[in-house]
Every structure is written in structure tokens, then in C-alpha cells.
There are 2 protein chains.
Amino acid sequence: MNTLSEENYLKCIYRLWQDKGQKISPTAIADALGNNPASVVDMIRKLTDKQLISYDKKKGVELTAQGQKDATMIVRRHRLWEVFLLEKLGYHWDEIHDIAEDLEHIKDATLADRLDKFLGFPEYDPHGDPIPKANGKMAKRYSTTLADVKVGGSCRVVAVRDTTSQFLQYLQKLSINIGTKIQLLEKITFDNSLVISINGEEPKTVSQKFGESLLIDM
Amino acid sequence: MNTLSEENYLKCIYRLWQDKGQKISPTAIADALGNNPASVVDMIRKLTDKQLISYDKKKGVELTAQGQKDATMIVRRHRLWEVFLLEKLGYHWDEIHDIAEDLEHIKDATLADRLDKFLGFPEYDPHGDPIPKANGKMAKRYSTTLADVKVGGSCRVVAVRDTTSQFLQYLQKLSINIGTKIQLLEKITFDNSLVISINGEEPKTVSQKFGESLLIDM
DNA sequence: AAATAAAATTAGCCTTACCTAATTTTATTT
DNA sequence: AAATAAAATTAGGTAAGGCTAATTTTATTT
Ligand SMILES: [Mn+2]
Ligand SMILES: [Mn+2]
Ligand SMILES: [Mn+2]
Ligand SMILES: [Mn+2]
């Protein structure tokens, strides 16, 4: 069984691998976790000994089959708890991530499966991220962002790429939720700012960073 | 905020204080937690510094007002999660204690209150222990055991004093649950064994230890 | 009151998971 | 190719929360 810290590293490596598909370096992990690179090197040794990752200066850090399995199950628990907190306990979507960050580490052979059943086997979490099934499979992850939409085009919000409360609360203020319709009216060439209409309302301007953080379906 | 270990010590001291009402010594705590007395002495120092307990060789360990408040809220969370696991996720009553032992440490300002509301503000947990309210108050704790019943008398099971799976599974085997009616047919004077009838069925013999572990209402 | 037993405490170690500072290796400029 | 910068690693340290073994204090017997 993995410790809390080991689990957080596995999940972090899994996320970096999914997000970029690029070489995962000790510094990348350190940045993502807010830890010192020296600490990361320690943990890389530990996880390598446990055969959960492999590390090669050329290829960077990679999850082994077992590491991938373990990471997927942590993500599964995280997202299921998020659904529970939002749907059953009435939290808002900017409050659930941090609590799920702790709940995901509760280990019991049947807990995740029971929770899954209790929640009605949800496909996506409240942020639009797919929830891995017990067998590790999961629905497709969205990848097109608002920044990819062509001027004049319309789209529907399906997920967020950033789950910080700063971003989620900003969305709240703009009345944007999963499912909200957005039309791209104009792209400011100077800094790629986007002029959008939310649910057909009056135009608002948002930054490129904002656009890249909203996942959409055309 | 208290660490996981500090919380487990607080809860342990709280339980010892409730159970015996006697002087709580370092060895008693060590026994209860399965830790070494030397480790307990370390933690006594730490909790004393944090003003959560007081320690006097004569009077033993005592919770301060704050320590009592903290301990009560841990117990609240533990028992609420137990109700959740049993009622919502369908666990049996011998499986929930260990999982709640971890869930009780999840800290969020409103989590316990939301869970309480979601569960319909239960008064007792699945083992018959009263659940502290948000203000710290709770329903009465039962204290009469099956061993206190007079021969010929009848009673109803209201709680268990032992939550080990050994005991709970034994109860399961005997078809005893919260609410089960038991009649005391005979008390063997040799070793205080009890001959009982469960729900009017044929007589069964149980030990004194068994009788002292079942809390009842006459 | 001594002797003995039990409980409490101290001293010194260990592991986990972090850290800083120094050094070495690898990449990027010039 | 050197020089420089960045990344990775090593060395050594810290705090939490355990441990064992030795010692001191307190209780219980004789
Ligand atoms: Mn986590
Ligand atoms: Mn999420
Ligand atoms: Mn616990
Ligand atoms: Mn209970």
C-alpha cells in the first residue's frame, strides 16, 4: 500500500503525463507539487524501488503499468468524492477540490465502488473531468478550449482545465457553468483577448489564459 | 489545528474518561492505543503545551475545556461517517468503524454539519452511541448491560460497548441487532454465564464478558 | 521499614518526508 | 569550443511520531 505522499506524487505524475504528454522532469514535478527538486529526487528513488515509476534522464519520469493503475484509482476516488460533495452535500464547485484532495486517500477495498453505485455511476466529475471506472477505463477527456474557437463560432462549456477557486469563482461571477453556451464575437490580435457573449448576453472581454482554461464542445 | 496523531490521542483520552471516569494514566493510554508508554509521555507533553490536556501525577490526564471540545467534534465526525457508511453505502456494522477511523480526520469547516443534515440529523450511530450535535450536546449514553438484568427479566438491545469485528460478527451469528429483544433465563453462578432467549427462540448460553458488552434498555 | 514490583520518565535511535546549500552534470549561448 | 546557465544530484539537517533500553519514581508486599 502507498503512503499519502506517494499517492500525491503518483497523481501528480499522472496529471503531468496527461496534460502535456511530454518528458516529465524532476523540476516539473517539484513545480507542480510546490516541493523542492531535492525532495522530488528522493521520492523518485522511492517510487522506482517500488516499481511504480521508471526514470531515465533522457525520457524523464514514466509510470509503470502498476503505477498507472494506482494513479488511476486515486483519480477515481477524487472525482467520485467531488460528485458526492457537490450533489449530496450541496457544496459549490470551487469548494470541493481541496476536500476531495484528502478524501481520495481513504483506503478500503469496496469504498470507491459503493460510492460509485450510490452516486449512480457518474461519467464526469463536476469540473467535467471523466471518472475512471473500476476497471480503469473512462470516458473521453475534452481537449478543445475556448481559445481554439473561430471568431463567430459558438460552443458549449464541457469542462474546466483549472480548478483553483480563483478561476472557478471568476466563472461563477460571469455565470458560466458546465453547459453554458458561449459565442466568440472577436479576437483581439494584440494579446489574444477574447470578446464573448455568455448565453446571448452583452459582450464581455476575457484573457487568452482564461480562454485556454475553458474546455468546450463545438 | 491538530494533527492526525493528536486527534487520535484526544479521542482516546475522551473515551477512557467516559468509560471509566477514573484516573487516566500514561500506561492506560498506551494500552488503549497500542503505543509504547514512552511515546505517550512525549504526546502528553505536546498536548499539555497546546493546552488541550492537563497532567498531574495524582489526578492523571484530563482534557481541558478546549480539549474536550476538540475531542467531541472528532467523535461527532466519526459517528456521522459511520451512519453514512451503513445507511447510504450499505456496509455492515462490523465494517464501518475502521473506515470512520480515517474519515473522522477530514477537516473542513462545514463538512460535518452538511453530512449531519444529509443524514437527517441522526441521534445515535449504528452501534447505539449518541452523536454529538454541532454545539457539543448529545443524547444520553446507555449504561445498563445485559449482565445487569435480573433472571427472568426482558430487555431490548440499544447499543454495543465493543465495536471489534469479532464481537459484532458474533452478534450477527446470533441474530442480535440494535432493537433485538432478549430474555434472561438463567445465570450460571459458577462463572456468571448467561442463558438467554433471543427474540423468543431456543435458549443460548453466553459469557459474562459478552453480557457486559451489550447495552440494553429494560 | 525494607524489599520488590510496577509505572513513569529519560536518553538515544529510527523512518518519513520535507528542507537548504553545495556540487556535479547537462544544455544553451556566445 | 568555451563560457554560462539551468537542471539534477548529493550531503547533511529538521520535525513528527514512533521505538527500545536504562533509569528514576511511586506503590505494594513482606
Ligand atoms: Mn491528495
Ligand atoms: Mn475535479
Ligand atoms: Mn482516527
Ligand atoms: Mn460507532
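Letters A, B, ... are given to chains in the order of the sequence lines, protein chains preceding strands, and every chain is numbered from 1. No experiment lies behind these values; they were computed from the predicted model shown.
Base contact: S39(A) has a heavy atom under 4.0 Å from a base atom. Nucleic acid contact for G60(B): none, since no nucleic acid atom lies under 4.0 Å from a heavy atom of the residue. Within the 4.0 angstrom heavy-atom criterion, only backbone atoms of the sugar-phosphate kind lie near N35(B); the bases stay farther away.
For the pair N8(A) CG and dC18(C) C1', the interatomic distance rounds to 13 Å; values are reported in whole Å. If you measure from atom CG of D42(B) to atom P of dG12(C), you get 14 Å, rounded to the nearest angstrom.
If Y9(A) and K58(A) are placed on DNA chain C by their nearest nucleotide, the residue sitting closer to the 5' end is Y9(A).
The phosphate of dT16(C) has neither OP1 nor OP2 within less than 4.0 Å of any side-chain N or O from T3(A).
Partners of F210(A) by ring-ring contact (aromatic ring centres under 6.0 Å, His included), not counting sequence neighbours, listed by chain and number: F167(A), Y170(A). With sequence neighbours excluded, the residues forming a side-chain hydrogen bond (donor to acceptor under 3.5 Å, both in side chains) with S25(B) are T27(B), listed by chain and number. Listed by chain and residue number, H97(B) satisfy the ring-ring contact (aromatic ring centres under 6.0 Å, His included) test with H78(B) (two or more places apart in sequence, or in another chain).
With a 6.0 Å cutoff to the six-membered ring centre and a 45° limit on the axis angle, K88(B) counts as a cation-pi contact of F118(B). Annotation: cation-pi pair K57(B)/Y55(B) present, NZ/CZ under 6.0 Å from the ring centroid and within 45° of its normal. Taking the ring axis of Y9(B) as reference, the NZ or CZ atom of K11(B) does not stay both within 45° of it and closer than 6.0 Å to the ring centre.
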(request) Quick one: the dot-bracket string of DNA chain C, using Watson-Crick and G-U wobble pairs with both distances under 3.5 Å, [ ] for crossing pairs and | for bases paired to another strand. (result) ||||||||||||||||||||||||||||||
With a 3.5 Å cut-off and sequence neighbours excluded, list the donor-acceptor pairs that the side chains of residues 134-143 of chain B form with protein atoms.
{"from": "N135(B)", "atom 1": "OD1", "to": "K137(B)", "atom 2": "N", "distance (Å)": "2.8"}
{"from": "R141(B)", "atom 1": "NH2", "to": "D19(B)", "atom 2": "OD1", "distance (Å)": "3.3"}

Using a cutoff of under 3.5 Å, can you pull out all pairs of nitrogen or oxygen atoms linking the protein to nucleotides 6-9 of chain D, with atom names and distances?
{"from": "dA8(D)", "atom 1": "OP2", "to": "T27(A)", "atom 2": "N", "distance (Å)": "3.1"}
{"from": "dA8(D)", "atom 1": "OP2", "to": "T27(A)", "atom 2": "OG1", "distance (Å)": "2.2"}
{"from": "dT9(D)", "atom 1": "OP2", "to": "Y55(A)", "atom 2": "OH", "distance (Å)": "3.3"}

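Between the side chains of E82(A) and H127(A), a donor-acceptor pair is found at a separation under 3.5 Å.
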